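No experiment lies behind these values; they were computed from the predicted model shown. Keep in mind that the numbers below use all heavy atoms, side chains included, and drop hydrogens, waters and symmetry copies. In the text below, chain A, chain B and the rest are named by the order of the sequence lines, each starting its count at 1.
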Number of protein chains: 2
Amino acid sequence: MAVSRRGPRERMVFSAAQLIRRDGVSATGLRDIVAHARAPRGSLRHYFPGGKEQLVNEAVEWAGRYAAKRVARFLAEMPEPSPSRLFDAMVRQWTDEYRSAGFATGCPVVAATVDRAGSAESTREAAAAAFAAWNRPVARALTEMGVPARRAASLATLMISALEGAIVIARAERDVRALETVARELGPLLDAGVAPGD
Amino acid sequence: MAVSRRGPRERMVFSAAQLIRRDGVSATGLRDIVAHARAPRGSLRHYFPGGKEQLVNEAVEWAGRYAAKRVARFLAEMPEPSPSRLFDAMVRQWTDEYRSAGFATGCPVVAATVDRAGSAESTREAAAAAFAAWNRPVARALTEMGVPARRAASLATLMISALEGAIVIARAERDVRALETVARELGPLLDAGVAPGD
DNA sequence: CGTCGTCTATGACAGCCGTCATAGTAGCGG
DNA sequence: CCGCTACTATGACGGCTGTCATAGACGACG
């Protein structure tokens, strides 16, 4: 499922992101990715002449775009948006997944950063770009809710930092406690300064 | 340096932690660890009959104890402790290191979680224990500053989450911006509810 | 039909990995 | 000197890795 339509190339990128966020970059083999994507191994070289590094980078970029789109979707589904409600939605995406599917996975961008930042410069850049792509729509949303532009960017960084850290802790503890905690504790801070009731 | 005294066993654990936080678990080979520790390869099996998994676990445990001790040290060096000042100190440890030594390293506990949580149950447990060992002194310190016990534990989790997330983002961006941002934005929240001037 | 570009198949390659078997040394108690 | 324990040395093992070379299938187009 979710691997059916679309061409083999896209499936490989998608599968790479899924496996990387579960096992890490080093532990994810090209053969695993190809098998997971049900794609022909013979095409690997054809689509990704830059080798594993290129495929990993594209998976990271994909994850960045995905996170950005999710933010837009959260906002669209929200009757009365507020900073804390946006953060709740971002956190809930993870608590829901962990509760329903177990704690097997984390964020692919974090995984790529942690085990490629020092060895593959291009992957590090892709991760930085992914974080930026994610930060942008969050900051913009905060701005539209009445937060001054400068502060909005900072709060977006705080939200993503706290979320990513809590994801790691939740995985280690196999408990959504950390995620629920950051959502609860950060909510009031995020809403402060935004006129209530409008 | 810092690898000189102490027996070979301890040096290997220490070197493992250092290499893991730089390259990740999978990318760190036993041979690399032994070489870095200037320890005899022949003793690996002797000291760590549980293989790489045992060595990694001990490195993670070591990191947890180290983080806890650092918290105690920060507090001891602080004339007038406050929650925000403690968090500042925790963050500054990383901004200082990044500014002086580059962005090559991250947190070993995060690295171990990200690429072993799904494949080595004992390592996942070690990571959870390390986070707990780190959380404990932070929560206790907050309590002593006047924060109610229940809330103190939550705020400690928030602090560690935000810090860990910002570390990853800083590494990806090769910029301490995210670290400085979380310190600045979280400070007032942490101090709220604590009587000023005492 | 022929040819070219796109895509796939297959297998080999060198290299590294963690593990393990075997042997040996050093020091100490008897 | 023996024997025992703690520690070290060395090399080999199978397995997996990313990369690459070679060849073939397929469809579009001239």
Side-chain angles (χ1 to χ4, degrees), chain A residues 3-20 22-60 108 111-112 114-116 118-124 126, chain B residues 3-20 22-60 111-112 114-116 118-123 126:
Chain A
V3 175
S4 44
R5 271 290 173 266
R6 282 185 282 261
R9 214 202 110 104
E10 284 186 78
R11 291 206 311 273
M12 288 193 253
V13 173
F14 179 78
S15 290
Q18 281 203 253
L19 294 181
I20 286 170
R22 196 185 64 189
D23 302 323
V25 176
S26 298
T28 298
L30 263 358
R31 289 162 177 85
D32 301 330
I33 296 173
V34 158
H36 183 274
R38 275 191 274 283
R41 184 165 89 87
S43 314
L44 245 180
R45 185 147 211 80
H46 180 69
Y47 290 120
F48 308 96
K52 183 176 185 177
E53 185 167 334
Q54 179 185 357
L55 179 48
V56 169
N57 293 358
E58 296 202 22
V60 169
V114 159
D115 84 33
R116 279 301 197 263
S119 58
E121 175 68 8
S122 71
T123 302
R124 202 220 82 227
Chain B
V3 174
S4 44
R5 272 290 174 267
R6 281 185 283 261
R9 214 202 110 103
E10 285 186 79
R11 292 207 309 274
M12 289 193 252
V13 173
F14 179 79
S15 290
Q18 279 203 253
L19 295 181
I20 286 170
R22 195 184 66 189
D23 302 323
V25 177
S26 299
T28 298
L30 263 358
R31 289 161 177 86
D32 301 331
I33 296 173
V34 159
H36 183 274
R38 275 190 273 282
R41 185 165 89 86
S43 313
L44 247 179
R45 185 145 212 81
H46 180 70
Y47 290 120
F48 307 96
K52 183 176 186 178
E53 186 167 335
Q54 180 186 355
L55 179 47
V56 169
N57 294 356
E58 296 203 21
V60 169
V114 158
D115 83 35
R116 280 301 197 262
S119 58
E121 175 69 7
S122 71
T123 302

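Closest heavy-atom contact between M12(A) and L44(A): SD-CD2, 4.2 Å. What you find for Y47(B) and R9(B) is that their closest heavy atoms are O-NH1, 3.0 Å. Closest non-hydrogen pair, P40(B) versus P8(B), comes out as CD-CB, 4.3 Å. Contact between I20(A) and A111(A) at its shortest, heavy atoms only, is O-CB, 3.7 Å. For the residue pair A112(B) and V25(B), the shortest heavy atom distance occurs at CA-CG2, 3.8 Å.
The CD-P distance, from Q54(B) to dC20(C), rounds to 13 Å in whole Å. As rounded to whole Å, 17 Å separates atom P of dG15(D) from atom CG of D32(A). Between F48(A) atom CZ and dC20(D) atom P the separation is 16 Å, expressed in whole Å. Taking atom CZ on R45(B) and atom C1' on dT5(D), their separation rounds to 18 Å, with Å as the unit. Computed from coordinates, the E53(A) CD to dT17(D) C1' distance equals 16 Å when rounded to whole Å. Following rounding to the nearest Å, L55(A) (CG) and dT19(D) (C1') show an atom-to-atom distance of 14 Å. Put simply, CG on D115(B) is 15 Å from P on dC17(C), counting in whole angstrom units. Distance, K52(B) NZ to dC20(C) P: 15 Å, rounded to whole Å.
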Contacts under 3.5 Å, N or O only, protein and nucleotides 22-29 of chain C:
none

Output a table of nitrogen or oxygen pairs between the protein and nucleotides 8-11 of chain C separated by less than 3.5 Å.
{"residue": "dT8(C)", "atom": "OP2", "partner": "S43(A)", "partner atom": "OG", "Å": "2.2"}
{"residue": "dT8(C)", "atom": "OP2", "partner": "Y47(A)", "partner atom": "OH", "Å": "3.4"}
{"residue": "dT8(C)", "atom": "O5'", "partner": "S43(A)", "partner atom": "OG", "Å": "3.0"}
{"residue": "dG11(C)", "atom": "N7", "partner": "R41(A)", "partner atom": "NH2", "Å": "2.8"}
{"residue": "dG11(C)", "atom": "O6", "partner": "R41(A)", "partner atom": "NH1", "Å": "3.4"}
{"residue": "dG11(C)", "atom": "O6", "partner": "R41(A)", "partner atom": "NH2", "Å": "3.1"}

N/O to N/O distances under 3.5 Å, protein versus nucleotides 25-28 of chain D:
none

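Rounding to the nearest 0.5 Å places NZ of K52(A) at 11.5 Å from CG of N57(A). Rounding to the nearest 0.5 angstrom, the gap separating the CD atom in Q54(A) from the OG atom in S122(A) is 9.0 Å. Note that the OG1 atom of T28(B) and the CD atom of Q18(B) stand 11.0 Å from one another [nearest 0.5 Å].
Inter-residue side-chain proximity for L55(B) and V13(B) is flagged as met; some heavy-atom pair is nearer than 4.5 Å. The shortest side-chain heavy-atom distance between F48(A) and E58(A) falls under the 4.5 Å cut-off.
Side-chain N/O atoms of S26(A) and R116(A) include a donor and acceptor closer than 3.5 Å.
Nucleic acid contact for S26(B): none, since no nucleic acid atom lies under 4.0 Å from a heavy atom of the residue.
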